[in-house]
Structure formats: structure tokens, C-alpha cells
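A short worksheet on the structure shown next.
Worth saying up front: this structure is predicted, and the values here are computed from it rather than measured. Computed from heavy atoms alone, side chains included, the values below leave out hydrogens, waters and symmetry copies.
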Amino acid sequence: MPLDYQPQKHPKTYRDFFTSNSIKYILLTSIPITLILNVAGSSWYFALTLSTSNDVTAIYNCSAFTAYAFAIPLLGEKFSFLKLSSVIIAVFGVFIVTYNPAVTSDDDQSGNDKSYRFVGNVIISVGAVLYGLYEVLYKKYLCCPSSLISSRRQASMSNFAMSVIGIFNFGLFWAPLVFAHFTGLHKFNLDYSGTIWLLVGLSVLSNLLFSCSFLALTSLTSPVLSSVSSLVTILFVGITDWLLFGIQLSWAQIFGDMVVVLGFGLLIYGSWNEISEDEEDDLVIDSDAESVVSAQVSEGRR
């Protein structure tokens, strides 16, 4: 939210709540952010039909770069060589995991027509840029300033913003699909087994938990930290495949996972240093102000 935002009185009725300036602001701001998010997410599926899964995964995870690039002009974030290096290291680790020999050979033998690979890579590149922009716009316009409210309320606000984005997402994209299905404009095959519906339900639940945690982390910290932290999930994906499906982890994949964790650790270290420096600056300002007040009081007593 804007830095000049001022908290308002609690509404007494639902009418006052939905007609308040704060709710109007959130609703109007959520529409373009929802559109950007859906275009970025849809680019993954479009690109996957044209390019290789390796290219799509690697390029899409470069959204950490774009998030940092947009955070500097839009959020006024200070440029830090350490933070930039940590983002580069983390994304490099993703490339190592994605392009390790075992995965690459499986992808080459998939039998899909990859003649439009360049077009798919361009599409997913646009998606990566838009997803980084979405993260920064969410932080700028849908997160409350930390100087006004507590961390608990910031996290609660992130859940509310996520709900608003979900409502717009359903109204703009899912409702037309339901309408098309029941009117016969386009029939969707919903005759699946109970196992498939169970997997779909678990996928939705997992994505819900991830979105809640991701947006809360973005609200409390920065879109750069949350974007890089999501890359760490590639480590847990490998562990899950190994434990549940018996897919062996190659040394290249393990090394790539460790590189991602290293980049994440460096980013946490850099972010902590910035927080410590800001606190020291605040202490210096406070002590200077106290010194001026003390001097004025001493002169008054004289």
C-alpha cells in the first residue's frame, strides 16, 4: 500500500466495510495484479507444449532476477552486490538440477515435437518477467507498511489479499469455463477416478498452503527473499521423488540443490545485514535527537 496510507476507523456494518475507501482500493488494485499473475502462470502451460520441460523450468525460475530488478525502482530497494550474487547462485543451482544428464536424457526421449522451442522459450521468458513484476506489485500495493501495523496483522492482510485475488481469478477465468461446460459451448471431461480427484484435491491444498506462506513471507520481508526461498522447494521435490517413487538422486542434482541452498543462505545473510544497518541508523538518529533535547533542557535550566 502507499506510504501515505492512514488507518481508518473500524466499520460498524457490512455496508460500511464494503464501501470503505480501503476495500475499494484493494478491489481495484487486485484486478490488474490478478491479470498479470494469470498471464504469467498460463505462460508455463503454453510454453510447455512448445519447448522442453528443462527450458521451461529453468527460465521460469529466473523470475527471481526480475523480482530484484523491479524491486529497485518500484520499492526503492538498495542495490546490493551480495544479494545479486545470492540470486545468481540460486538460479544457477536450478540450472544444474534442471540440466543434469539424467533429466536431460529423459526429456530428449519424450518424443514431443520441439520445433517451436524458441517460441516456447520466448513465451516462458515473458512469463518469468511478469511473475517477478507480480511479486513486486503485490508488495507495493497490497501489503501494509510495516511501520503502521504489527507483523501478525500484516500476515492476516496477506491472507485477505490472497482471497480477493482468488475471487477475481474465479470470476474472470473459472466462471466462463463452468458456463461453457453447462451450456454446451465446450464440454470438459470430468469422468475421472476417485484417485485422480484425490490427487487434484491434494494439489489444490498444497498450492493453497504454499500461496498463504509465500504471500505472508512477501508481506513480512521482500519479494526477492520470497522468490529465492521458493527455489529451495526444488530440493524437497527431489527428496519426495526419492522417498515416495524411488527415483534416485544423481550427484549433479544433489550438488545443484546445495547450490540453491547456498544462494538462499547468502540472501538471508545479506537481508539480515541490511536490517541490522537500518536499526543502527535508527539508534543513531534517536540518540542524536535525545542529545538535542537534553542540550535544550540544560540551556533552559540555565
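Around CZ of Phe188, the count of heavy atoms belonging to other residues, nucleotides or ligands within 6.0 Å exceeds 12. Within 6.0 Å of the CZ atom in Phe255, the count of heavy atoms belonging to other residues, nucleotides or ligands does not exceed 12.
To the nearest 0.5 Å, atom OG of residue Ser158 and atom CG of residue Leu217 are 10.0 Å apart. Trp44 contributes atom CH2, which lies 6.5 Å from atom CD1 of Ile124 (distance to the nearest 0.5 angstrom). Taking CG of Leu185 as the start and CZ of Phe179 as the end, the distance is 6.0 Å to the nearest 0.5 Å.
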Under 3.5 Å, which donor-acceptor pairs do the side chains of residues 31-38 form with other protein atoms, sequence neighbours left out?
residue: Thr34; atom: OG1; partner: Ser30; partner atom: O; Å: 2.6
residue: Asn38; atom: ND2; partner: Thr34; partner atom: O; Å: 2.8
residue: Asn38; atom: ND2; partner: Asn169; partner atom: OD1; Å: 3.2

List, one per line, each side-chain donor-acceptor pair under 3.5 Å for residues 84-94, sequence neighbours excluded.
residue: Ser85; atom: OG; partner: Phe81; partner atom: O; Å: 2.8
residue: Ser86; atom: OG; partner: Leu82; partner atom: O; Å: 3.4
residue: Ser86; atom: OG; partner: Lys83; partner atom: O; Å: 2.6

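Side chains of Val224 and Glu135 form no contact here, defined as non-hydrogen atoms less than 4.5 Å apart. Ser227 is not listed as a side-chain neighbour of Asn61, based on a closest heavy-atom distance of 4.5 Å or more. For the pair Glu77 and Ser222, the minimum side-chain heavy-atom distance is below 4.5 Å. In this structure, Phe160 and Ile26 have side chains that are in contact, with non-hydrogen atoms separated by less than 4.5 Å. At least one side-chain heavy atom of Leu235 sits less than 4.5 Å from a side-chain heavy atom of Met258. Taking 4.5 Å as the limit, every side-chain heavy atom of Tyr116 sits out of range of all side-chain heavy atoms of Thr49. At least one side-chain heavy atom of Met162 sits under 4.5 Å from a side-chain heavy atom of Cys212. No side-chain heavy atom of Val228 sits under 4.5 Å from any side-chain heavy atom of Tyr68.
With hydrogens and angles ignored, the 3.5 Å screen pairs a side-chain donor or acceptor of Ser43 with a backbone N or O of Ala40. Checked by atom type and distance alone, the side chain of Lys139 pairs as donor or acceptor with a backbone atom of Ser219 at under 3.5 Å. For Ser203 (side chain) and Leu199 (main-chain N/O), no donor-acceptor pair under 3.5 Å exists by modelled atom type. A side-chain donor-acceptor contact under 3.5 Å links Tyr25 to the backbone of Tyr141. No donor-acceptor pair under 3.5 Å is formed between the side chain of Thr98 and the backbone N or O of Phe95. At distances below 3.5 Å, at least one donor-acceptor pair connects side-chain atoms of Lys140 with backbone N or O atoms of Leu74. Put simply, the side chain of Ser156 gets close to the backbone of Arg152: a donor and an acceptor are under 3.5 Å apart. At least one donor-acceptor pair under 3.5 Å links the side chain of Thr233 to the backbone N or O of Ser230.
Remark: Thr218 pairs with Ser226 by the side chain to side chain donor-acceptor pair (under 3.5 Å) rule, at least two apart or across chains.
If you chain together hydrophobic residues whose side chains sit under 4.5 Å apart, Val39 and Val56 fall into the same group. Under a hydrophobic-cluster definition in which Ile, Leu, Val, Met, Phe, Trp and Tyr are linked whenever side-chain heavy atoms come within less than 4.5 Å, directly or via other members, Val126 and Ile59 are assigned to the same cluster.
For residues 170-185, there are no side-chain hydrogen bond (donor to acceptor under 3.5 Å, both in side chains) pairs, not counting sequence neighbours. For residues 211-242, the ring pair (Phe, Tyr, Trp, His ring centres under 6.0 Å) pairs, not counting sequence neighbours, are Phe210-Phe214. Residues in residues 240-263 take part in no salt bridge (charged side-chain N to carboxylate O under 4.0 Å, His left out) pair, two or more places apart or across chains.
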### Query
Could you go step by step and tell me if Asp55 and Tyr99 meet the side chain to side chain donor-acceptor pair (under 3.5 Å) rule?
CA-CA 9 Å; Asp55 289 356; Tyr99 289 103; 2.3 Å; yes
